[in-house]
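Sequential numbering from 1 along the given sequence is applied to the chain's residues. These numbers come from a predicted model, not from an experiment.
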Amino acid sequence: MRTRGFQGHDVGAVGLGLMGMSWGYSASERDDAASVELIRNAVGMGVSFIDTAQVYGSGHNEDLLGRALKGIREQVVLATKTGLVVEDAASYTLKRDGRPEHVKRSAEESLRRLGTDTIDLYYLHRIDPEVPLAETWGAMAELVDEGKVRYLGLSEVTRAQAAEAQGIHPVAAVQSELSLWTRDAQGAEGGTAGGGGGRAGSDGPGDVVGWCAENGAAFVPFSPLGRGFLTGAVSTSSIEDGDFRSAQPRFQEEAMKQNMRIVDVVKRVAGRKGATPAQIAIAWTLAQGEHVIPIPGTKKMRYLKDNIGAAGVDLTEEDLRELDAVPAPVGSRY
């Protein structure tokens, strides 16, 4: 697989997000033994940027990754997150906790579950509006000084928030949702598809992807496949009860019917390139900059191979113009 740079390390251009192995999607398909095997196979296939979080399954996801990385820990850049706490797992209700004592305590818990001495990339999962960012970020920077963390990252932040953190301690990565139907992080008007690249609205984050390029940080898109929708394989009947997508506006039946217009464009480009829709969707994120490292998630080997194959898809300017112009999605993402 092609590689990209992360803080002086070469990592596979396509990473792996583990959330769905413990949390959020299709509970009936979860299988810990199969997940451990998939993670180990992924590393063998060149995937070296792996993402988890304390909140995914209330620690279960980190435990799973710790098991999978036994004997191969040094082959990957391991990322986890702090700053969110599960209040109700059944409804996916979370609360933010950016208190210094919480982020430090949760780092110790993550280290134990992951079975490692150092977390390579430690994200603040969400900024807590009740705690000054300087206090949270300062506590996380102390973890770097103590050797428990190598690099710090932020998730779902604005340009201004990234700049504030940067003034205290270097931001190595920003992780936010980015896909053909979610472009908030590029400063797209309304944060949707349909031309991209526009100016952010008053409540938008601004061009965070550009900020990362300007400041030597990686930009890490989560859900580059639009939570599976951009593959063309998701329907209302395929979403199980308890799957968190069932409550999202974009995944309601009428919205999904209209949003198939986006998938139609992806399929058209895929047919022309001899690729799959998933590969085109991921390749589009890769084309947004050499500092972009998407982390699609999967529990199935055939999809892992498909996703990794996106690193070998070269989109032309014509392809990108066609993809950039996909219709705006119907429904908000949350």
Has [X] got a side-chain atom pairing as donor or acceptor with [Y]'s backbone, closer than 3.5 angstrom?
X	Y	result
Ser106	His102	yes
Asp243	Tyr25	no
Lys273	Asp314	yes
Gln166	Val171	yes
Thr118	Asp120	no
Gln252	Ser246	yes
Asn307	Val14	no
Arg245	Arg227	yes
Gln161	Thr158	yes

So that I can tick it off, tell me whether [Y] and [X] are bridged by a salt bridge, with the cut-off set at under 4.0 angstrom between side-chain N and carboxylate O.
X	Y	value
Asp51	Lys81	yes
Glu130	Arg99	no
Arg333	Glu156	yes

Sorted by chain and residue number, the side-chain contact (heavy atoms from CB on, under 4.5 Å) partners of Glu253 (sequence neighbours excluded) come out as Thr236, Lys257

Cluster question for you: counting only ILVMFWY and a side-chain heavy-atom cut-off of under 4.5 Å, with indirect links fine, are [X] and [Y] together?
X	Y	answer
Leu315	Val209	yes
Met260	Val330	no
Leu133	Leu143	yes
Val131	Val103	no
Val208	Ile168	yes

Spatial distance of atom [atom1] ([X]) from atom [atom2] ([Y]) [nearest 0.5 Å]:
X	Y	atom1	atom2	answer
Ser48	Ile72	OG	CD1	11.0 Å
Glu318	Leu323	CD	CG	10.5 Å
Asn61	Leu18	CG	CG	5.0 Å
Ser179	Asp184	OG	CG	9.0 Å
Ile280	Leu225	CD1	CG	11.5 Å
Met301	Met45	CE	CE	6.5 Å

Passing candidate, side-chain contact (heavy atoms from CB on, under 4.5 Å) with Leu69, options Val36, Thr116, Val76:
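Testing each of Val36, Thr116, Val76 against Leu69, the sole residue satisfying side-chain contact (heavy atoms from CB on, under 4.5 Å) is Val76.
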
For Thr136 and Arg96, what are the C-alpha separation, side-chain angles and deciding distance, and is it a side chain to side chain donor-acceptor pair (under 3.5 Å)?
CA-CA 12 Å; Thr136 308; Arg96 303 185 185 203; over 6 Å; no

When you look at Glu62 and Arg112, which way does the salt bridge (Lys or Arg N to Asp or Glu O under 4.0 Å) test go after all the steps?
CA-CA 9 Å; Glu62 289 182 327; Arg112 174 177 51 79; over 6 Å; no

Using a side-chain heavy atom cutoff under 4.5 Å and only I, L, V, M, F, W and Y, what cluster partners does Phe49 have?
Phe6, Val11, Val77, Leu121, Tyr123, Tyr151, Val220, Phe222, Ile293, Ile295, Tyr334

Please go through Tyr303's hydrophobic cluster and name the other residues, only I, L, V, M, F, W, Y counting, with side-chain heavy atoms under 4.5 Å joining them.
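Its cluster mates, by chain and number: none.
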
Run the numbers on Arg272 and Asp319 for side-chain contact (heavy atoms from CB on, under 4.5 Å), then give the verdict.
CA-CA 9 Å; Arg272 191 165 68 231; Asp319 297 329; 2.8 Å; yes

Can you list the steps and then say if Thr231 with Asp306 is a side-chain contact (heavy atoms from CB on, under 4.5 Å)?
CA-CA 11 Å; Thr231 67; Asp306 202 16; over 6 Å; no

Side chain to side chain donor-acceptor pair (under 3.5 Å) for Arg30 and Ser22? Distances and angles first, verdict last.
CA-CA 7 Å; Arg30 294 177 199 152; Ser22 305; over 6 Å; no

Would you say [X] and [Y] make side-chain contact, with heavy atoms under 4.5 Å?
X	Y	result
Met21	Leu38	yes
Asn259	Met256	no
Val144	Tyr122	no
Met140	His169	no
Pro329	Ile262	yes
Ile50	Leu78	no
Thr182	Arg250	yes
Ser176	Val157	no

Got a sec, which pairs hit side chain to side chain donor-acceptor pair (under 3.5 Å) with one end in residues 31-41, sequence neighbours left out?
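Listed once each, the pairs are Asp32-His60.
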
If the condition is side-chain hydrogen bond (donor to acceptor under 3.5 Å, both in side chains), which residues does Glu164 pass it with, not counting sequence neighbours?
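Result, side-chain hydrogen bond (donor to acceptor under 3.5 Å, both in side chains) vs Glu164: none returned.
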
Which residues share a side-chain hydrogen bond (donor to acceptor under 3.5 Å, both in side chains) with Gln75, sequence neighbours left out
none

Could you pull out the closest heavy-atom pair between [X] and [Y], with the gap in Å?
X	Y	value
Val263	Gly232	CG1-CA, 3.7 Å
Ala311	Leu286	CA-CD1, 4.0 Å
Ile282	Pro296	CD1-CG, 3.8 Å
Pro277	Ala270	N-CB, 3.8 Å

Quick one: sort the Phe229 and Phe251 rings into parallel, tilted or perpendicular, breaks at 30° and 60°.
perpendicular

Would one find more than 12 heavy atoms of other residues, nucleotides or ligands at under 6.0 Å from atom CD of Glu87?
yes

Counting heavy atoms not belonging to Asp88, are there more than 12 under 6.0 Å from its CG?
yes

Between Val292 and Arg4, is a side-chain contact (heavy atoms from CB on, under 4.5 Å) present by the stated rule, with each step listed?
CA-CA 8 Å; Val292 177; Arg4 292 205 157 169; 4.1 Å; yes

Might you work through the side-chain contact (heavy atoms from CB on, under 4.5 Å) test for Trp284 and Leu178, ending with a clear yes or no?
CA-CA 10 Å; Trp284 179 86; Leu178 178 69; 4.1 Å; yes

